[in-house]
Amino acid sequence: MGTVRIAFFDAKDYDRNSFVRASENLNYEISYFETRLTERTVRLAEGYDVVCVFVNDDINRAVIDALVSMNVKLIALRCAGYNNVDVEYAYQKIHIVRVPAYSPYAVAEHAMALLLTSIRRIHKAYIRTKDFNFSLNGLTGFDLHGKTVGVVGTGKIGRIFIDICRGFGMNIIAYDKFPAEGSGIEYVTLDELWKRSDIISFHCPLTDENYHMVDTESIAKMKKGVVLINTSRGALIDAEALVEGIKQRKVGAACLDVYEEESNVFFHDYSNHIVDDDTLARLISMPNVIVTSHQAFLTEEALTNIADTTLRNVEDFFRDEYCQNEVCYKCPQVDTCRQKHDRKCF
Ligand code: NAD
């Protein structure tokens with residue numbers, strides 16, 4: 001394999017550190033661009049073999065056409081989800097690889113951290129004691145032991161979250177489009193999950209099918225005081241319906257690591273700006289809402305795995321036909337798909 005040139009978009013200091021470490025003594029020339037990959041910035045990829053992108057880069061048809069015209073051969077996602085890539089359009093044009101798992105523990109543990117922070121009012125207590133205010137008024141929480149948690153999506157992250165919840169003595173119910181047989185998990189319908197859960201945590205991918213699965217209608221079916229945790233993808237929840245649900249005291253708390261319009265704000269410092277997004281501003285203003293900016297993955301272990309797997313994906317792609325982490329294009333030939341044999345899809 002000759003030197004592979006990689007245009008690295010949406011680069012942050014922590015990305016650069018882990019990729020510099022992982023690529024030491026290897027045959028890569030990596031240029032780090034702070035900007036996201038969009039129609040406006042795609043020309044930066046001229047002369048590169050690979051674009052390396054993350055969750056908020058926008059790889060739509062126009063971007064794919066531009067990449068193909070510049071002879072870029074591979075889109076290497078540094079994440080698991082690929083809802084920001086027009087995968088169907090890319091089929092037969094440009095290959096896409098991803099990092100299917102970097103640390104499911106990081107995300108599951110962050111979901112529990114958000115839940116505990118929220119229901120034990122740690123975010124409030126932290127600010128109070130910093131100001132030498134030692135009053136306990138308004139800080140009453142509730143026990144997790146004995147509560148029912150509804151888990152939507154029981155893949156890698158959902159299953160770890162379930163194990164953590166079991167450690168707290170919680171009752172677990174779950175919904176998954178493809179339930180894991182023999183897992184001992186009690187699967188229920190979505191309607192039953194909305195009805196029975198004291199806490200609901202989302203761990204499924206975002207698809208056309210489950211866009212806004214939490215909306216006015218589903219919130220109406222939930223228990224009064226339900227706590228919602230979303231560390232998956234923002235658009236699973238209709239943010240305006242959530243605001244209404246909280247205002248009506250139906251939703252007791254929301255823990256959000258993702259937000260449907262996050263690509264406009266997350267990962268940037270807007271502390272000296274007036275944020276335009278009124279829905280986000282309203283959510284952040286609420287005492288029972290905690291927002292982290294797509295931080296759940298951010299552990300040393302995960303960053304190391306992301307860098308190692310991404311560079312291995314690139315190497316696999318350029319060395320031979322082997323391409324274990326190629327995204328499935330769900331193409332018409334799905335029955336004879338070579339991916340089952342770990343080969344390139346086309
Ligand atoms: P996974 O593929 O191991 O599991 C996903 C599960 O969701 C599977 O069991 C699948 O059957 C199920 N599923 C698919 N469609 C569904 C639907 N419509 N309704 C209910 N369940 C459905 O994925 P994972 O590694 O556990 O990751 C889950 C999600 O977490 C990812 O899709 C991604 O969006 C998100 N994620 C977030 C972060 C973060 O930093 N916040 C990091 C990594 C992943």
Side-chain angles (χ1 to χ4, degrees), residues 10 12 14-15 18 53-57 77-85 87 98-115 150-165 172-185 187-194 197 200-215 218 228-237 254-260 262-263 266-267 290-306 309-310 324-325 327-328 330 339:
D10 205 6
K12 304 283 184 281
Y14 49 80
D15 292 317
S18 55
V53 296
F54 198 50
V55 292
N56 288 324
D57 293 286
L77 289 156
R78 308 194 289 280
C79 50
Y82 44 89
N83 54 292
N84 54 331
V85 186
V87 170
R98 68 181 185 127
V99 182
Y102 21 102
S103 172
Y105 301 100
V107 182
E109 288 170 14
H110 191 79
M112 181 48 87
L114 286 173
L115 175 60
V151 177
V152 181
T154 55
K156 291 177 284 298
I157 297 170
R159 298 277 279 273
I160 293 165
F161 185 72
I162 287 174
D163 286 345
I164 294 172
C165 291
I172 321 285
I173 55 174
Y175 169 78
D176 194 298
K177 203 176 160 194
F178 307 101
E181 278 171 33
S183 60
I185 298 170
Y187 285 101
V188 296
T189 62
L190 258 188
D191 270 359
E192 198 177 338
L193 186 139
W194 302 147
S197 302
I200 302 173
S201 194
F202 295 89
H203 301 289
C204 59
L206 173 67
T207 62
D208 291 343
E209 196 182 7
N210 61 18
Y211 174 82
H212 282 184
M213 72 193 302
V214 174
D215 57 9
S218 49
L228 301 178
I229 311 165
N230 191 4
T231 55
S232 193
R233 284 293 180 268
L236 294 174
I237 298 181
C255 306
L256 308 174
D257 186 53
V258 286
Y259 170 66
E260 56 179 324
E262 70 177 49
S263 62
F266 279 18
F267 306 129
I290 297 180
V291 174
T292 51
S293 53
H294 211 131
Q295 178 191 332
F297 75 99
L298 196 63
T299 63
E300 285 294 340
E301 291 81 356
L303 290 173
T304 303
N305 287 339
I306 287 171
T309 309
T310 303
Q324 191 188 15
N325 291 328
V327 167
C328 179
K330 296 200 172 58
Q339 270 209 295

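Keep in mind that the numbers below use all heavy atoms, side chains included, and drop hydrogens, waters and symmetry copies. All ligand and atom numbering here is 1-based and tracks the order in the structure.
- T309 contributes no side-chain N or O that, together with a main-chain N or O of I306, makes up a donor-acceptor pair within less than 3.5 Å.
- For atom 22 (C) of ligand 1, the closest heavy atom belonging to the protein is C204 CB, 3.6 Å.
- In terms of polar-atom proximity, R233 is counted as a contact of ligand 1, with an N or O under 3.5 Å from an N or O of the ligand.
- For the residues P100, G155, C79, the heavy atom positioned nearest atom 6 (C) of ligand 1 is part of G155.
- Residue T207 has no nitrogen or oxygen atom sitting less than 3.5 Å from a nitrogen or oxygen atom of ligand 1, judged on distance alone.
- Between the side chains of H203 and T154, no donor-acceptor pair of N or O atoms lies under 3.5 Å.
- Where the criterion is an N or O separation shorter than 3.5 Å, residue side chain and backbone included, N210 meets it with respect to ligand 1.
- Looking at heavy atoms from C-beta onward, N210 lies in side-chain contact with L236 at the 4.5 angstrom threshold.
- Which of P205, S103, A108, A174 comes nearest to atom 13 (N) of ligand 1 through a heavy atom is settled by distance: it is P205.
- Test V53, V87, L206 against Y82 for side chain to side chain contact (heavy atoms under 4.5 Å, CB included) and you get one pass: V87.
- Using a non-hydrogen distance threshold of 4.0 Å, G153 registers as a contact of ligand 1.
- Contacts of K156 with ligand 1, taken as heavy-atom pairs under 4.0 Å, involve both backbone and side chain.
- Residue contacts with ligand 1 for A80 are absent, since no atom lies close enough (heavy atoms, distance under 4.0 Å).
- A heavy-atom distance below 4.5 Å is found between the side chains of V291 and F266.
- Taking a 4.0 Å cut-off on heavy atoms, S232 registers as neighbouring ligand 1.
- Comparing heavy-atom distances from atom 8 (C) of ligand 1 across I157, I306, D176 singles out D176 as nearest.
- When only modelled atom types and interatomic distance are considered, E262 and H294 share a side-chain donor-acceptor pair under 3.5 Å.
- The distance from ligand 1 to the heavy atoms of Y102 drops below 4.0 Å at these ligand atoms: 42 (C), 43 (C).
- The shortest N or O to N or O distance between F297 and ligand 1 is below 3.5 Å.
- Note on ring orientation: taking the six-membered ring where Trp is involved, the planes of Y102 and F297 are perpendicular (angle over 60°, cut-offs 30° and 60°).
- Nearest protein heavy-atom neighbour of atom 37 (C) of ligand 1: T231 O, 3.1 Å.
- Among all protein heavy atoms, the one lying closest to atom 28 (C) of ligand 1 is H203 O, 3.3 Å.
- The local environment of CZ in F267 is crowded, with over 12 non-hydrogen atoms from other residues, nucleotides or ligands closer than 6.0 Å.
- The structure places CD1 of I290 at 11.5 Å from CG of D257, a figure rounded to the nearest 0.5 Å.
- Of the protein's non-hydrogen atoms, the one nearest atom 16 (C) of ligand 1 is K177 CB, 3.8 Å.
- Proximity to Y175 (heavy-atom distance under 4.0 Å) selects the following atoms of ligand 1: 19 (N), 20 (C).
- Proximity of L298 to Y14: side-chain heavy atoms (C-beta onward) are separated by under 4.5 Å at one or more points.
- Distances below 4.0 Å separate heavy atoms of V107 from the following atoms of ligand 1: 38 (C), 42 (C), 43 (C).
- A heavy-atom distance below 4.5 Å is found between the side chains of V55 and R233.
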